[in-house]
Amino acid sequence: MSTENKENKDIELEEKASEVENPETTAEASENQESAEAQESSEAKDEEKTAEAPKEPSLEEQIEELKKQALYKQAEFENFRKRTLKEKADLILAGGEKTITAILPVLDDFERAMADQSDDPAAIKEGMKLIFQKFQKTLESLGVKKIETDGVDFNVDYHEAIAQVPGMGEDKVGKVIDCVQTGYTLNDKVIRFAKVAVGQ
């Protein structure tokens, strides 16, 4: 055996002997190595999370996004307003069309009555009465109703007093004595007050 090989073996034996003599040092070195590896692994994971996490938008980007949303909402509201106005106009036109269509048959009756050459006053009066009744029914079908005034209490919600009549007796005080102009309601809303004389 050569001298060099012998020296190498002696060094290895000494290292083993030192490991056997100082097991604590060896364990500490092993623990330190494991701790360093764990720390490196944790740092690598943190770096991966940082790389994966979405980038927070800057204040300028947030402001721009809010501006876009505000403009969109404003345009949407403007479109809604225009559409609503158009629908209202269409409803008004449709309502007017419905009213005129309902009244046209009454106009036809008036034309026929005017074209009639009869000289009989009773027949003419009867014809006018029939046309008047038809016209009333047509108005009722459209929601127009006459405000009652015969012998009812004066009501400011429906009547407009244009005169007070004294000396009609205690039972006539506050009552409608006479109707000068008929009032009407449309779908229970007063469109013209009845002008009346009231007992005093």
Side-chain angles (χ1 to χ4, degrees), residues 7-108 135-148 154-162 181-195:
E7 285 176 0
N8 286 341
K9 279 190 177 182
D10 289 342
I11 291 170
E12 284 177 10
L13 287 174
E14 283 177 9
E15 285 177 357
K16 284 180 181 177
S18 68
E19 284 178 6
V20 171
E21 287 174 6
N22 299 320
E24 290 178 5
T25 309
T26 308
E28 280 178 12
S30 175
E31 282 177 8
N32 288 342
Q33 187 176 358
E34 286 176 6
S35 175
E37 287 174 0
Q39 189 173 356
E40 284 175 8
S41 173
S42 174
E43 286 175 0
K45 284 180 182 176
D46 288 344
E47 285 176 5
E48 285 177 10
K49 283 182 183 177
T50 307
E52 290 174 5
K55 183 183 172 185
E56 284 291 323
S58 66
L59 288 175
E60 288 79 8
E61 290 172 342
Q62 290 179 13
I63 290 167
E64 284 301 316
E65 182 64 26
L66 289 172
K67 280 182 181 177
K68 284 180 187 175
Q69 289 179 11
L71 285 171
Y72 175 75
K73 294 293 181 187
Q74 187 178 359
E76 194 175 56
F77 177 75
E78 190 63 24
N79 290 337
F80 168 77
R81 189 179 66 80
K82 287 178 181 175
R83 188 170 62 250
T84 306
L85 287 173
K86 187 178 182 303
E87 286 173 1
K88 280 183 181 178
D90 290 345
L91 280 173
I92 291 167
L93 290 172
E97 182 181 344
K98 180 184 174 185
T99 304
I100 297 301
T101 305
I103 290 173
L104 285 178
V106 180
L107 182 62
D108 295 337
F135 186 57
Q136 279 186 318
K137 285 181 182 177
T138 302
L139 289 177
E140 284 175 8
S141 71
L142 296 170
V144 179
K145 291 182 183 176
K146 179 182 174 182
I147 295 174
E148 291 299 323
F154 177 75
N155 186 343
V156 293
D157 292 333
Y158 298 102
H159 307 130
E160 180 184 343
I162 59 169
Q181 186 180 69
T182 306
Y184 293 95
T185 60
L186 175 61
N187 299 324
D188 297 325
K189 179 186 175 184
V190 176
I191 56 175
R192 188 172 84 180
F193 288 94
K195 294 182 179 179

List the atom pairs, donor and acceptor, that lie under 3.5 Å between side-chain atoms in residues 63-75 and the rest of the protein, sequence neighbours left out.
none

Without placing hydrogens or testing angles, list every side-chain donor-acceptor pair under 3.5 Å for residues 88-97, not counting sequence neighbours.
from	atom 1	to	atom 2	distance (Å)
Asp90	OD2	Lys86	NZ	3.3

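Note that CG of Leu107 and CD1 of Ile100 are 9.5 Å apart. Values are rounded to the nearest 0.5 Å. Of the inter-residue distances, the one linking Gln181 atom CD with Ile147 atom CD1 reads 10.5 Å to the nearest 0.5 angstrom.
Annotation: side-chain contact (heavy atoms from CB on, under 4.5 Å) contacts of Gln62 (sequence neighbours excluded): Pro57, Leu59. Every residue meeting the side-chain contact (heavy atoms from CB on, under 4.5 Å) condition with Lys98, not counting sequence neighbours, appears here in chain and number order: Leu142. With sequence neighbours left out, Glu78 forms a salt bridge (charged side-chain N to carboxylate O under 4.0 Å, His left out) with Arg81. For Phe154, the side-chain contact (heavy atoms from CB on, under 4.5 Å) partners at least two apart in sequence or on another chain are Val156, His159, Ala161, Val196, Val198. With sequence neighbours excluded, the residues that form a side-chain contact (heavy atoms from CB on, under 4.5 Å) with Tyr184 are Val144, Lys146, Thr182, Ile191, Arg192.
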